[in-house]
Amino acid sequence: MTEKKILICAGTSGISAGACEVFDKFKNLISKNSLKISVIKTGDRGLFRDVLVDVILDGKRTTYELVKPEDVDEIFEKHILNGEIVKRLTAKEEYENFFKPQMRIVLKNCGLIDPEDINDYIKTGGYKSLEKVLKQKPEEVIVEIKKSGLRGRGGAGFPTGLKWELARKSSDIEKFVICNADEGDPGAFMDRSILEGDPHSVIEGMIIAGYCIGANTGIIYCRAEYPVAIKRIKIAIKQAQEKNFLGEKIFNSNFSFKILLKQGAGAFVCGEETALIASLEGKRGMPRPRPPFPAQKGLWGKPTVINNVETLANIPRIIENGARWYSKIGTKKSKGTKVFALAGNIKNTGLVEIPMGTTIRELIFGPGGGMQNKRKKLKAVQIGGPSGGCIPESLIDTPIDYESITKTGAIMGSGGFIVMDESTCMVDITKFFLSFTVAESCGKCPPCRIGLKRMLEILEKITKGEGSKTDIEMLRELALMIKKTALCGLGNTAPNPVLTTLNYFLDEYMEHIEEKKCRAKVCVELLKFRVIEEKCKKCGLCFKACPVSAIEWEKGKIAKIINEKCIKCRACIKVCPWDAIE
Amino acid sequence: MEKRGELISKLQEVQEKFGFISESEIKRLSDELEIFPVQIYEVITFYTQFRLTPPGKHKILVCQGTACHVMGGKDLLEYLKSKFEINEGETTPDGKFSLERVACLGCCGMAPVVVVDEDFYGRMTIQKIDEILKKYD
């Protein structure tokens, strides 16, 4: 008999759209009618058209999108009882277009299996790689990982096999494997989705890493801001212990391994390896100079391998299919796939996994579905979060691999991919990133602590219309100096947003300085909050949008903003389709 | 492993239970983990998660991640600040709401995001937020 299943996407965004209610309703209806259909909550499958529901009957899969709890009865009545598909709710063309160009290796299981049931993972071949590895010598496995060409997905792209080898060579008896799930980059949610959708793949990767370097303890360092992920990791660890994939003498070998879960306490700098270690030791998360590298002297002074979530999730797949298979994917120096978190002014927001070497254009107009608002032009793409940079529209044919992205002045980073249209002010977005890094700077080294603050002050001046030409020179000088002299990755990369926008969008800076004008209408100090009468079409949208009733309008009359009441929230500017407010 | 390694987890437990970390709890942890209170203070003030004063009845988190920023998260935060006449990190005089910013909640696909207590609200606008807050009493 073929399996009958209903899959419900219940990651963080699914849950906020009502996935739990949808799940409960299906579950009730199925048990009330005593049907033999399993109802399963899965992690995000990537596309945010929640709630996504898959009905699998007689080997046929039907995907429904944007399902609301009140739609459940109809799907149940028509489809499940009578085999008639509810056309109104089925996933449209966009759904196809989103998934078709992707190559899912890391996300293979996300949205398809029950992350809270280890048996579902085992059915897909899970823990087979671990079994295979335990029959080989650790050195052989490391050679395999080196051959695959896998590089760290946390941002810097250090070869994973090499890192393992370094730790393997150390003669210390106690060693550690840490999974860095402190995904602090604003605009990135790859790791969260992997942990919510397929936690066992990360755990399996960690056990393999432990075996290779000779560690018996693994620690998952996860952000406290990810409650769903934390819950699922806890369940996964418990289930893996019950099956003896974790614990003593795994698969009857001589290898023992345990995994602990630690929650981060909200400090971006803890994504940096040495700061993360300090935090695990109960201290302020402050980095220290390297060398010695953590692989030589890490947690409690012991050799420690720190790998990112996505890196670890790649490991079981590489073992399963072999290094040769993996190294055929991607470009010469960047192997495999990369998961990106598409967000911003793009039509399809969500998680995509593409082979390295895909161009930025292909990503935006393929899975991304193009711009969110067709009337607004693409301006730039921000890759790599606050450590990355803004790549202008003119360079969107750049292939996505470590070297090519670095050449533009951005960095690959962990996978944040924010698309920005004309409504984004490049000076403002730079100010945003800097205010983030200023707030998150740990304060240890002066270039980062003082230098970034000075840069932020200059940007604040410019967005207020008080900037001068010399400020641009000062910004550039400070940026280059900080890049060279800061202690850790946070400080070294924090000037990237400034440098890339100065390179590609200098005209916008000059407009703010010379004309006191913000073309994107973002910098409120430069806006007049006045209706341009010639442009106003008297539609009243701004009147309805204003939260403080600061707009006078009557049908057929031009709107008028009462500046004394106005709180400059820009609600009117955002809704006006005629660009009639300046 | 040294006892001190437990500090952050212990602080998280305390905050989960009481909503903030009181002086007496710091004293207790200092005895338990055999470290000075100042070593606990420096950790509390370093990490944004911890607070030394009691929170409001409902906690409003406004996401200030990149995607949320591009989609208007800053406007939302500014609006709530002026609506309640408080700053981020503060509680309304009636103790009902505390307002906080968060660097990123990792659900950028639904930007801009506001979280009230445990409930996530995506694609938020100034108009919608007023309606939503009415639900919390």
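Convention: sequence-line order gives letters A, B, ...; per-chain numbering from 1.
For A:Phe432 against B:His69, the heavy-atom pair with the smallest separation is CD1-ND1, 3.4 Å.
Both the backbone and the side chain of A:Ser13 come within contact range of chain B, judged by heavy atoms closer than 4.5 Å. Proximity to chain B (any heavy atom under 4.5 Å) is restricted, for A:Phe433, to the side chain, taken from C-beta onward. Neither the backbone nor the side chain of A:Asp421 comes within less than 4.5 Å of any heavy atom in chain B. Interface residue A:Asp428: backbone and side-chain heavy atoms are both found under 4.5 Å from chain B. Using a 4.5 Å cut-off between heavy atoms, A:Arg284 contacts chain B through both its backbone and its side chain. Proximity to chain A is absent for every atom of B:Lys83, based on heavy atoms less than 4.5 angstrom apart. Contacts of A:Ser279 with chain B are made by both backbone and side-chain atoms, with heavy-atom separations under 4.5 Å. Neither the backbone nor the side chain of B:Arg101 comes within contact range of chain A; no heavy atom of the residue lies under 4.5 Å from a heavy atom of that chain. Looking at A:Lys574, the atoms closer than 4.5 Å to chain B (heavy atoms on both sides) all sit in the side chain, from C-beta outward. Heavy-atom distances place no part of A:Val522 under 4.5 Å from chain B, backbone and side chain included. When heavy atoms are compared at a cutoff of 4.5 Å, B:Val115 does not approach chain A at all.
The most heavy-atom pairs under 4.5 Å with chain B, out of A:Cys569, A:Gly285, A:Gly184, A:Ala229, come from A:Gly285. Considering only heavy-atom pairs separated by less than 4.5 Å from chain B, the leading option among A:Gln382, A:Glu225, A:Arg570, A:Lys568 is A:Arg570.
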TODO: Could you check A:Val524 against B:Glu78 for side-chain contact (heavy atoms from CB on, under 4.5 Å), going step by step and ending with a plain yes or no?
DONE: CA-CA 12 Å; A:Val524 281; B:Glu78 291 301 322; over 6 Å; no

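Judged by distance alone, with hydrogens and angles left aside, the side-chain atoms of A:Gln263 form no donor-acceptor pair with the main-chain N or O of B:Gln12 at under 3.5 Å. Between the side chain of B:Gln49 and the backbone N or O of A:Ala267 there is no donor-acceptor pair closer than 3.5 Å.
Considering CD1 of A:Ile567 and CD1 of B:Ile126, their distance stands at 6.0 Å, rounded to 0.5 Å.
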